[in-house]
*Asks:* 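This is the structure I have questions about; it appears just below.
Values below: every heavy atom of this structure, side chains too, minus hydrogens, waters and symmetry copies. None of the values given here were measured: they were computed from a predicted structure. Below, read A as the first sequence line, B as the second, and so on, with proteins coming before strands; counting in each chain starts at 1.
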4 protein chains.
Amino acid sequence: MDARTKVEPEPRRRGRPAESDGLTGERILIAARVCFAESGYAGASTHMVAARVGLTTGALYHHFASKRDLYLAVFAEVEQLMIERFEKAAAPHTRFVDKLDAILDEILRLSRDEPTVTGFLQSLTADVGRHPELLEAIVPAFEQRDQMFSGLVEAGITSGELVEADREIVLDTVTTILVGLFAMNLGQLPSVQQHAVDGYKRLLRGALLKTKKR
Amino acid sequence: MDARTKVEPEPRRRGRPAESDGLTGERILIAARVCFAESGYAGASTHMVAARVGLTTGALYHHFASKRDLYLAVFAEVEQLMIERFEKAAAPHTRFVDKLDAILDEILRLSRDEPTVTGFLQSLTADVGRHPELLEAIVPAFEQRDQMFSGLVEAGITSGELVEADREIVLDTVTTILVGLFAMNLGQLPSVQQHAVDGYKRLLRGALLKTKKR
Amino acid sequence: MDARTKVEPEPRRRGRPAESDGLTGERILIAARVCFAESGYAGASTHMVAARVGLTTGALYHHFASKRDLYLAVFAEVEQLMIERFEKAAAPHTRFVDKLDAILDEILRLSRDEPTVTGFLQSLTADVGRHPELLEAIVPAFEQRDQMFSGLVEAGITSGELVEADREIVLDTVTTILVGLFAMNLGQLPSVQQHAVDGYKRLLRGALLKTKKR
Amino acid sequence: MDARTKVEPEPRRRGRPAESDGLTGERILIAARVCFAESGYAGASTHMVAARVGLTTGALYHHFASKRDLYLAVFAEVEQLMIERFEKAAAPHTRFVDKLDAILDEILRLSRDEPTVTGFLQSLTADVGRHPELLEAIVPAFEQRDQMFSGLVEAGITSGELVEADREIVLDTVTTILVGLFAMNLGQLPSVQQHAVDGYKRLLRGALLKTKKR
DNA sequence: GATGAATGAGCCTTCATTCAT
DNA sequence: TATGAATGAAGGCTCATTCAT
């Protein structure tokens with residue numbers, strides 16, 4: 001199950017490598033995203049990240065002051081990417097249902113194109129909950145996320161789809177739906193996610209169940 | 001320099017090992033549940049568990065052959081408890097909506113009464129996704145879970161609420177909804193969960209949005 | 001598994017390397033003095049020194065061949081400064097007691113004006129004792145120190161204060177007194193040093209204790 | 001300079017060794033004393049200590065929670081031993097000079113019999129000054145040392161050798177003398193210490209210099 | 001059944017040093 | 001001259017696991 005010879009990384013010589021293109025930092029970020037997505041904060045070792053870039057752990061510390069800092073840098077990137085993608089997806093639409101539809105589709109696309117992004121987001125909640133040193137730094141960043149969702153709900157109220165009184169309920173429901181989709185992301189068959197998105201879309205239109213009037 | 005001996009962990013027998021010999025075994029299981037719920041599989045150390053019971057790690061190994069086995073034993077207990085509670089909650093009702101309503105309420109109750117159960121379930125997906133040695137043993141157990149949900153959907157079809165064709169969509173949506181609720185469990189304000197449950201209930205009745213006819 | 005290659009550090013040329021080329025070299029020396037004084041040889045990192053000058057560690061190696069060489073260069077400067085100050089202080093006097101008095105006062109002044117000098121000297125004994133690669137280079141330099149103290153004792157003999165036979169005893173006592181004062185230097189209340197100097201002065205005059213005739 | 005083959009410590013097997021005499025803790029303390037005496041706090045590695053006892057670093061942590069704790073435990077032992085020896089040496093005498101004489105002799109004996117004790121004490125001041133985490137814990141313990149010295153001075157006042165007004169001066173002088181002797185301890189020829197002790201004794205009697213009346 | 005002692009592997013991090021640019 | 005990037009060795013510590021007693 002493990003006969004791959006682990007290509008002895010031919011020992012580089014000491015000093016600055018000839019092919020230093022100044023992109024190492026970015027490459028580390030990407031490798032870190034993959035590792036954190038696969039293994040979570042505690043489970044991803046600095047060695048794993050370094051090896052994936054073809055570096056020693058020491059070199060990592062030239063670019064990021066600590067594992068924590070590296071995680072936070074990845075988070076910043078991922079969070080921004082997610083928000084951008086969601087906002088861009090929702091922008092063309094005016095109605096709440098349509099905006100949410102678009103976001104749900106975007107999640108599916110994200111899962112396919114950038115599984116490391118959704119993988120990272122899947123672990124995020126648990127990791128942050130477990131490592132107070134991450135929480136401190138991340139909680140403020142969540143504000144932006146909340147604002148986006150709030151904007152969504154606001155649009156629903158403006159359009160008359162939602163009533164004022166439901167604001168909080170809708171906000172929390174939407175959040176939970178999205179978090180739930182991220183949570184189902186990894187290791188599961190992609191079709192589950194697809195089905196769930198379909199289901200949610202129809203639920204939003206009251207079209208999943210033939211509810212008897214009651 | 002890298003004698004890849006890594007002895008293929010000889011496949012121990014699946015499921016609950018012959019452990020709960022008396023009270024200590026049960027006390028260990030409870031402590032382990034707390035620890036795994038708080039810190040996840042990798043993050044919870046055998047020492048943490050042992051200390052919580054007032055034992056040494058050595059003693060743990062009298063009752064469970066490995067950390068993995070301990071986790072699996074906890075899983076078995078938790079999964080069974082969850083299924084029992086859900087089935088008991090759903091039983092009195094006949095319609096799909098009502099059954100699902102009852103289950104959603106049960107989740108809320110579970111979060112309140114047995115936070116370690118929901119905490120454990122929160123990490124479960126991620127942990128299993130990350131540790132193949134857990135996956136092997138747990139995937140089969142998920143069948144039971146699926147069966148319960150399938151029963152739910154079947155009831156909906158029988159009652160006429162659902163159509164045959166939607167079977168898979170509904171099944172996966174329901175699963176995703178519940179996993180999502182577990183994922184939102186810890187560290188979040190309990191009100192979020194409450195709101196999300198309210199939101200889902202109304203979604204199921206097509207009563208969250210005033211959808212314009214289209 | 002233990003390829004004891006540890007290349008015998010090829011004996012670089014002793015003493016002050018060809019470094020202080022211009023101002024940067026001097027600034028490095030000063031920064032290094034501060035760092036070694038604060039943290040000792042092992043505790044001071046090249047990074048600390050470089051940062052204090054506003055350089056990278058790489059740049060340090062343009063001026064000094066190694067941390068060891070840097071230490072030795074600082075030592076040379078500090079030792080010379082100390083000897084100069086002591087000799088200048090003792091010069092105006094002819095009697096041994098007065099010369100020693102003057103030196104004791106000079107130590108107090110040095111502690112106040114140049115705490116990094118006395119700080120460095122405080123660690124010197126311990127550092128040299130612990131790092132054989134420093135010892136080699138420094139022991140010879142101690143000769144000069146001994147010569148100064150010998151001169152002191154000689155003056156005492158000439159003036160009739162000391163007898164020939166006590167030469168060694170006095171030399172070692174004086175050395176120990178001074179080393180002791182350096183050792184008490186840092187982190188202690190300055191008043192302790194002041195008191196000790198007062199005490200030593202009076203001891204030298206037989207005026208600290210009312211010794212009963214015996 | 002290092003041809004000793006470093007006797008490959010024949011790999012013990014896992015569990016509890018047969019010859020566990022319950023004295024490992026004490027053996028670790030002794031090894032740690034040696035290492036800290038030789039290399040100081042920062043310079044002594046946990047590996048050095050462990051290897052000297054024939055253990056792995058992991059095993060060390062079974063007995064002491066951290067390197068710091070280990071250091072503090074050594075300190076406690078050393079400090080107590082020193083105080084006991086000094087008090088026992090001074091006890092038979094009533095006059096200050098005689099008590100101090102006895103202590104000076106005791107230092108010489110200690111240097112000879114227990115060089116690790118004096119070696120440890122030599123580094124103590126510097127180590128504590130540099131590692132705040134040690135300072136916290138050690139400063140309170142110094143009280144006892146001060147009390148002993150104070151008792152000494154008190155005896156001098158009672159006996160009429162010292163006057164009230166000199167109390168502080170004498171206390172600080174005595175402290176500095178002793179610290180100085182410890183500082184001269186290692187790597188120096190023992191005769192230096194011997195001479196210094198002789199010198200101090202005669203200084204105390206006003207018998208080192210033939211001071212002209214002035 | 002439980003303790004206490006130990007191992008060996010791994011983790012995060014620091015550091016002196018090297019060298020292409 | 002100086003920077004920036006990298007290495008390799010080491011350091012303190014944790015952890016799952018083992019096993020004599």
Side-chain angles (χ1 to χ4, degrees), chain A residues 11-22 24-25 42-50 53-63 65-68 70, chain B residues 6 21-22 24-25 42-50 53-63 65-68 70, chain C residues 5-6 9 21-22 24-25 42-50 54-63 65-68 70, chain D residues 11-22 24-25 42-50 53-68 70:
Chain A
R12 301 182 182 215
R13 60 177 161 5
R14 281 300 170 78
R16 181 184 216 173
E19 22 77 47
S20 180
D21 46 10
T24 308
S45 74
T46 54
H47 178 78
M48 278 168 56
V49 176
V53 195
L55 290 176
T56 56
T57 54
L60 238 58
Y61 285 79
H62 185 66
H63 298 268
S66 66
K67 188 184 175 182
R68 174 179 168 273
L70 181 53
Chain B
K6 199 169 198 176
D21 27 18
T24 308
S45 73
T46 54
H47 179 80
M48 277 169 56
V49 176
V53 198
L55 289 176
T56 57
T57 51
L60 240 57
Y61 284 79
H62 260 283
H63 299 266
S66 66
K67 186 182 172 182
R68 173 179 167 272
L70 181 52
Chain C
T5 356
K6 200 170 198 176
D21 26 17
T24 308
S45 73
T46 54
H47 179 79
M48 277 168 56
V49 176
L55 289 176
T56 56
T57 52
L60 239 56
Y61 283 79
H62 260 282
H63 298 267
S66 68
K67 187 183 172 182
R68 174 181 166 271
L70 181 52
Chain D
R12 301 180 182 218
R13 57 176 163 6
R14 281 300 170 78
R16 181 184 216 173
E19 22 77 48
S20 181
D21 46 10
T24 308
S45 73
T46 53
H47 178 78
M48 277 168 56
V49 176
V53 195
L55 289 176
T56 56
T57 54
L60 237 58
Y61 285 79
H62 185 65
H63 298 267
F64 297 89
S66 66
K67 188 184 174 183
R68 174 178 168 273
L70 182 53

*Asks:* Report yes if at least one side-chain N or O of C:Thr57 is closer than 4.0 Å to OP1 or OP2 of E:dT17; otherwise report no.
*Replies:* no
*Asks:* Got a second to check how far B:Leu60's CG is from B:Lys67's NZ, nearest 0.5 Å?
*Replies:*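 It comes to 11.0 Å.
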*Asks:* Does the side chain of A:Ser45 get closer than 4.0 angstrom to OP1 or OP2 of E:dC11 through an N or O atom?
*Replies:* yes
*Asks:* Which atoms form the tightest heavy-atom contact between B:Val49 and B:Leu70, and what is the distance?
*Replies:*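 Looking at all heavy atoms of both residues, the shortest contact is CG1-CD2, 4.2 Å.
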*Asks:* To the nearest 0.5 Å, how far apart are NE2 in B:His62 and CG in B:Leu55?
*Replies:*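 The CG atom of B:Leu55 is 10.5 Å from NE2 of B:His62, to the nearest 0.5 Å.
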*Asks:* Around atom NE2 of B:His47, are there more than 12 heavy atoms of other residues, nucleotides or ligands at under 6.0 Å?
*Replies:*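 12 or below, so no.
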*Asks:* In whole Å, I'd like the distance from the NE2 atom of D:His47 to the P atom of E:dT7.
*Replies:* 12 Å
*Asks:* May I ask you to verify if any side-chain N or O of A:Thr46 is less than 4.0 angstrom from the OP1 or OP2 atom of E:dC12?
*Replies:*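 For E:dC12, OP1/OP2 do have a side-chain N/O of A:Thr46 under 4.0 Å.
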*Asks:* Want to settle it: does B:Gly58 or B:Ala42 sit nearer the 5' end of DNA chain F, counting the closest nucleotide to each?
*Replies:* B:Ala42
*Asks:* So what does D:Ala44 hit on the nucleic acid, given a heavy-atom distance under 4.0 Å: a base, only sugar-phosphate, or nothing?
*Replies:* sugar-phosphate
*Asks:* Return the minimal non-hydrogen interatomic distance between C:Thr57 and C:Ala50, and the atom names on each side.
*Replies:* N-CB, 3.8 Å
*Asks:* What integer distance in Å separates A:Leu55:CG from F:dG4:C1'?
*Replies:*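 In whole Å, F:dG4 C1' and A:Leu55 CG are 13 Å from each other.
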*Asks:* Within residues 59-68 of chain D, which residues have any heavy atom lying less than 4.0 Å from an atom of DNA chain F?
*Replies:* D:Tyr61, D:Ser66, D:Lys67
*Asks:* Would you sketch DNA chain F in dot-bracket for me? Only Watson-Crick or G-U wobble pairs with both distances under 3.5 Å count, crossing pairs as [ ], other-strand pairs as |, the rest as dots.
*Replies:* .||||||||||||||||||||
